[in-house]
Each structure stands twice: as structure tokens, then as C-alpha cells.
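Everything below concerns the one structure shown next.
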Amino acid sequence: NEGATAVKFLRVTSAISRTTLEGFAQLEDGTRVEGASVVASFGQSTVTDADGFFSLEVEIAEEMGRTVSATVSARVGGVPYRGQTGTLTAIIDGITDAGLITLVRGGLIPGQISLLIAHADFSVPVNEMASTGFFESIDVFDTRIGTPTLEELSNHDVVLNYTNFIPANKVLLGDRLADYVDAGGKLVISTYSFSNPWSVLGRITTPGYSPLVNTGSNGNIGSRLVAVISDPIFNGVDLDAVGFFQNSNFARPALDTGATLLARDNLGNNIIARNATGTVIGLNLFPGNCCGGNNTEFYRLIGNILTFP
């Protein structure tokens, strides 16, 4: 994987409009949640009041299709809860009603997440991920020399999988990752896991799992990444400041049936997508720190993705 090119992750910004996003946070039994954190699409944030109500002015970029979303998280009795609005059509210069947002037990809360990096690499970005402040613990497993068991995977809230070398057992690794997702785990699968010959195989590549599908075609990706829809993974990230590594071994992946495309590059390649069940995010970018190009804002973006907002 030589011949690196450092490029920028850019968003061309058009006109900015505003809306006021309002709603209520509640538990599944209808109890309203006070003090819940509300983070909107472009990073604006607030907390809910004693009635679980929030009101937040949000900026809307015209090229994002005048949409807005928000993630709501809280700890209730020491237990993490999380919910989201989904993508809403913004009422420009008016009130966008998010309605009742139900928080579900077990959601991931930044700062309290256990992360496993399952890598086939020598440049594992442990320090970079730790610097985001999103993770309570970070463990690593080198898939060049073995395959993690389901128990080892399931001891973690979320798994980041990527390759730079060929895994010891590509099929078994993909089967185990699918088992982990089936057991309720959250997975981010990234470059070069979609690229031959470093790809992950097995059940994780079957329909419904990885949202990005290996087509067998590799090549340089574009110099800009374009957000397709407004999504919480972009919260608090200065997209114009994100720099990332690339080379000619990057994938040209297809989109799995039912998956949602979140970002593509300026050449039309699929870069970030979420599967239909919201349990797997595909990231056609390389997390390793071996080769330059990946900057602090890039790792902030990956950190956001790993929180599964």
C-alpha cells in the first residue's frame, strides 16, 4: 500500500438557513428525561429541561437538502440511554417539530464506550482514538496472527475493523464479525477490508451486513468528500479541515441493498454508508497512522462514526 497521496476532506458550502428544532426526550415507559444531551446535525447542542423539552436553533446548509437530525443521550440511574430523531425536513425560519424522541437502554454514550480495534496492520491509531475523548477503554487485536473469538469481540461496545495486510483467516474473521453484529454489537468496517487482496470475507460480506460491497475494483479515490445527507456522524466536525491518506489500493465499493449512503467523493465513489439495521457502518478510508495525511479532524470524524449516533 505505497504511493500515498494526502488529500483534503472538503465540503463546498452554499447558502446557510436556520430552523428551530424542538422536541421531547422520553423513556420507553413515557417518563420524560431531564438533562439529556441533544446534539444536532452541524454540532449545535443543548440539554432538555425538567419536562424533557428542548429547543435549539440549527443552521442548515442548502446543499444538504434542507434536512436536520439530532442525537439525544442521557444516563438514567447510571444506565446509558440513547435515541435519535431520524432525518427531518427542516422548516426554514420556523419550528421543525421532532416530536417525542424515545431513548433506548444501552445506547452508546461518548466517553463511556469500550472500543476494540481489530486490525491487520502495524500502525494502530490507539492514541488518535483516545485523544477524541469518546472511549473509556481501547483494546487491540492483530488479525494478521489470529482471529478474535465472539467473546473477545462481545466484551466491547463497538469494533473498528480495518486491514493493511492480509488477515490470517479472512473467512473466519468475517464470520466472527457477523456473529458479533448478530449478538448486538456495533461494527465499523473500513479500508482495506473492501479491497483485494486485503479484503475480509465470510458472512459479514453477505447482504444486510456490510453496507459497502467489494466489487473487486481498486483505485485512487477523489480529493473531496461530499456529505450526501445531514447525519449526526458529521456533528462538531469541520469538514473543510479534515485531511486523509489515500492511494491506488482504495476500493470502489458498491452500496448494499437497503443501506444508506452518507458520503461519497467528488468522483462519485461511495465512502461512508450505514446498513439497513444501523448496526454496521462502512468507511472507505484508512484509519492507520503509518503513512501521513490523516489529521486530528479526520480522527474526530472516525470517533463520531464509532459512537453510532
Side-chain angles (χ1 to χ4, degrees), residues 6-11 36-47 69-75 80-82 84 106-119 121-141 153 155-164 185-191 193 225 227 230-246 262-263 271-274 278-309:
V7 296
K8 298 294 288 182
F9 183 171
L10 302 174
R11 181 184 68 208
S37 172
V38 182
V39 182
S41 308
F42 288 90
Q44 301 91 345
S45 63
T46 188
V47 296
S69 61
T71 299
V72 184
S73 60
R75 273 195 174 270
Y81 287 79
R82 193 178 182 93
Q84 57 186 27
L108 302 181
I109 296 180
Q112 302 172 16
I113 299 170
S114 59
L115 168 66
L116 175 66
I117 304 177
H119 65 92
D121 192 24
F122 59 88
S123 59
V124 187
V126 173
N127 292 336
E128 289 83 354
M129 290 292 90
S131 69
T132 67
F134 294 156
F135 307 103
E136 185 173 33
S137 65
I138 301 175
D139 295 317
V140 298
F141 191 104
L153 293 168
N155 285 335
H156 300 84
D157 297 318
V158 63
V159 171
L160 172 62
N161 168 252
Y162 77 98
T163 67
N164 195 17
K186 305 290 190 181
L187 171 67
V188 174
I189 183 168
S190 51
T191 301
S193 294
L225 191 147
S230 172
D231 192 88
I233 67 167
F234 303 121
N235 288 352
V237 175
D238 181 357
L239 298 181
D240 294 332
V242 174
F244 62 93
F245 160 86
Q246 69 131 310
L262 305 178
I271 302 296
I272 308 175
R274 182 185 290 113
T279 53
V280 183
I281 293 178
L283 175 66
N284 191 21
L285 294 170
F286 179 68
N289 60 20
C290 66
C291 309
N294 293 342
N295 65 7
T296 300
E297 206 68 5
F298 169 82
Y299 287 110
R300 170 76 188 196
L301 173 64
I302 294 184
N304 275 10
I305 292 170
L306 287 164
T307 68
F308 276 78

Measuring from [X]:[atom1] to [Y]:[atom2], what's the distance to the nearest 0.5 Å?
X: I138; Y: H156; atom1: CD1; atom2: NE2; value: 10.0 Å
X: Y162; Y: S123; atom1: OH; atom2: OG; value: 4.5 Å
X: N284; Y: Q246; atom1: CG; atom2: CD; value: 10.0 Å
X: T307; Y: I302; atom1: OG1; atom2: CD1; value: 12.5 Å
X: M129; Y: L115; atom1: CE; atom2: CG; value: 8.0 Å
X: N127; Y: T132; atom1: CG; atom2: OG1; value: 11.5 Å

Looking at every non-hydrogen atom in both residues, tell me the closest pair between [X] and [Y] and how far apart they are.
X: V72; Y: A36; result: CG1-CB, 3.7 Å
X: R82; Y: T71; result: NH2-CG2, 3.4 Å
X: V159; Y: L306; result: O-CD2, 4.4 Å

L285 vs F245, side chain to side chain contact (heavy atoms under 4.5 Å, CB included): CA-CA, chis, key distance, verdict: CA-CA 8 Å; L285 294 170; F245 160 86; over 6 Å; no
Candidate pair D121 and F286, rule side chain to side chain contact (heavy atoms under 4.5 Å, CB included), full reasoning: CA-CA 11 Å; D121 192 24; F286 179 68; 3.8 Å; yes
For the residue pair [X] and [Y], establish whether any side-chain heavy-atom pair is separated by less than 4.5 Å.
X: L160; Y: S190; value: yes
X: Q84; Y: F308; value: no
X: P125; Y: Y299; value: yes
X: V126; Y: H119; value: no

Side chain to side chain contact (heavy atoms under 4.5 Å, CB included) involving D157 - partner list, sequence neighbours excluded: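 Checked D157 against side chain to side chain contact (heavy atoms under 4.5 Å, CB included); matches are L108, I113, S114.
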Any donor-acceptor pair under 3.5 Å linking the side chain of [X] with the backbone of [Y]?
X: N161; Y: L187; result: no
X: N294; Y: G288; result: yes
X: N304; Y: N235; result: yes

Reference residue L283; test side-chain contact (heavy atoms from CB on, under 4.5 Å); the match among V188, I189, L262, T191: V188
Which residues share a side chain to side chain donor-acceptor pair (under 3.5 Å) with E128, sequence neighbours left out: N289
Derivation and outcome, side chain to side chain contact (heavy atoms under 4.5 Å, CB included), residues V124 and F141: CA-CA 10 Å; V124 187; F141 191 104; over 6 Å; no
For F135, ring pair (Phe, Tyr, Trp, His ring centres under 6.0 Å) partners two or more places apart: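 F135: no ring pair (Phe, Tyr, Trp, His ring centres under 6.0 Å) contacts found.
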